[in-house]
Amino acid sequence: MATVQLKSDFIFELLKRFLQTDEGIAVKNKVNLVYQFNLAPEKIGKDEVSYTIDFKKGEVIKGPYEGGKPDTTFTLRDEDFVKLADGKLNPQIAFMRGALKVKGSLSAAQKFTPGIFPKRPKL
C-alpha cells in the first residue's frame, strides 16, 4: 500500500516544533495527556493514519501510541481535523454530528480544544 499523504501532516509537524517553545511547554504542562488521532483521508475506517500527541513528554509521533493506552483516541477525517486545528469546527459539534469518534476518557477529550494548536501561517 502506498503511503497516504494527509493535509494534516503539516499541522502535526508544526505542533512538534511548537512544543519545543516556551508557549508550547506551557500548553504541554497544562494539558498533560496523551491523545491518539486516527485520521482517514476520505472515509472513517478506511486507510486511517495514526498520530500520537504526547503532552506528558511534549512529543508528536506518526503512529499509534506505544506506551499503553492513550488517554483519548479521536477518529475523524483528515479534512475535519484540519478544520478543528484551525478553529473552524467545534469538537463538540463534530462529535454530536458523528464526524468525530471518541474512545477513552471523555474528561480528557474535553481538554482537546483548538487552543492547543499553534496558529498556522496564512498561505
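Along the sequence shown, residues carry numbers from 1.
- Within the 4.5 Å cutoff, no side-chain heavy atoms of Val31 are placed close to those of Phe112.
- Smallest separation of non-hydrogen atoms from Lys30 and Lys111: O-NZ, 4.3 Å.
- Rounding to the nearest 0.5 angstrom, the gap separating the NZ atom in Lys28 from the NZ atom in Lys56 is 11.0 Å.
- At least one donor-acceptor pair under 3.5 Å links the side chain of Thr21 to the backbone N or O of Gly24.
- Partners of Tyr51 by ring pair (Phe, Tyr, Trp, His ring centres under 6.0 Å), not counting sequence neighbours, listed by chain and number: Phe12.
- Listed for the Thr52 side chain is a donor-acceptor partner under 3.5 Å among the backbone atoms of Gly63.
- Of all the heavy atoms in Leu15 and Ile116, the pair that sits closest is CD1-O, 3.7 Å.
- Tracing side-chain contacts under 4.5 Å through hydrophobic residues (I, L, V, M, F, W, Y), one never reaches Leu84 starting from Ile44; they form parts of separate clusters.
- Inter-residue side-chain proximity for Pro91 and Leu100 is flagged as met; some heavy-atom pair is nearer than 4.5 Å.
- Here the closest heavy-atom approach between residue Pro70 and residue Gln36 is recorded as CG-CB, 3.9 Å.
- Hydrophobic cluster membership differs between Ile61 and Phe18, with clusters built from Ile, Leu, Val, Met, Phe, Trp and Tyr side chains linked at under 4.5 angstrom.
- Scanning all heavy atoms of the two residues, the minimum distance from Asp54 to Lys57 falls at OD1-N, 3.1 Å.
- Using a 4.5 Å heavy-atom cutoff, the side chains of Val34 and Ile53 are not in contact.
- More than 12 heavy-atom neighbours from other residues, nucleotides or ligands sit within 6.0 angstrom of OH on Tyr65.
- Considering only residues two or more places apart in sequence or on other chains, Arg97 meets the salt bridge (Lys or Arg N to Asp or Glu O under 4.0 Å) condition with none of them.
- Of the possible donor and acceptor atoms, one in the side chain of Thr72 sits under 3.5 Å from a partner among the backbone N and O of Ser105.
- Note that CG of Asp9 and NZ of Lys7 are 12.0 Å apart. Values are rounded to the nearest 0.5 Å.
- Using a 4.5 Å heavy-atom cutoff, the side chains of Phe55 and Asp71 are not in contact.
- Put simply, the side chain of Gln20 never gets that close to the backbone of Arg17: no donor and acceptor are under 3.5 Å apart.
- At distances below 3.5 Å, not a single donor-acceptor pair connects side-chain atoms of Asp78 with backbone N or O atoms of Leu39.
- Closest approach of Pro64 and Ser50 over heavy atoms only: N-CB, 3.7 Å.
- Tracing side-chain contacts under 4.5 Å through hydrophobic residues (I, L, V, M, F, W, Y), one reaches Phe95 starting from Phe81; they form part of the same cluster.
- When side chains are defined from C-beta on, Lys103 does not count as touching Asn38, because their heavy atoms never get closer than 4.5 Å.
- In this structure, the side chain of Asn29 does not engage the main chain of Ala26 through any donor-acceptor pair within 3.5 Å.
- At least one side-chain heavy atom of Val49 sits under 4.5 Å from a side-chain heavy atom of Lys62.
- Proximity of a side-chain donor or acceptor of Tyr35 to a complementary backbone N or O of Ala108 within less than 3.5 Å is detected.
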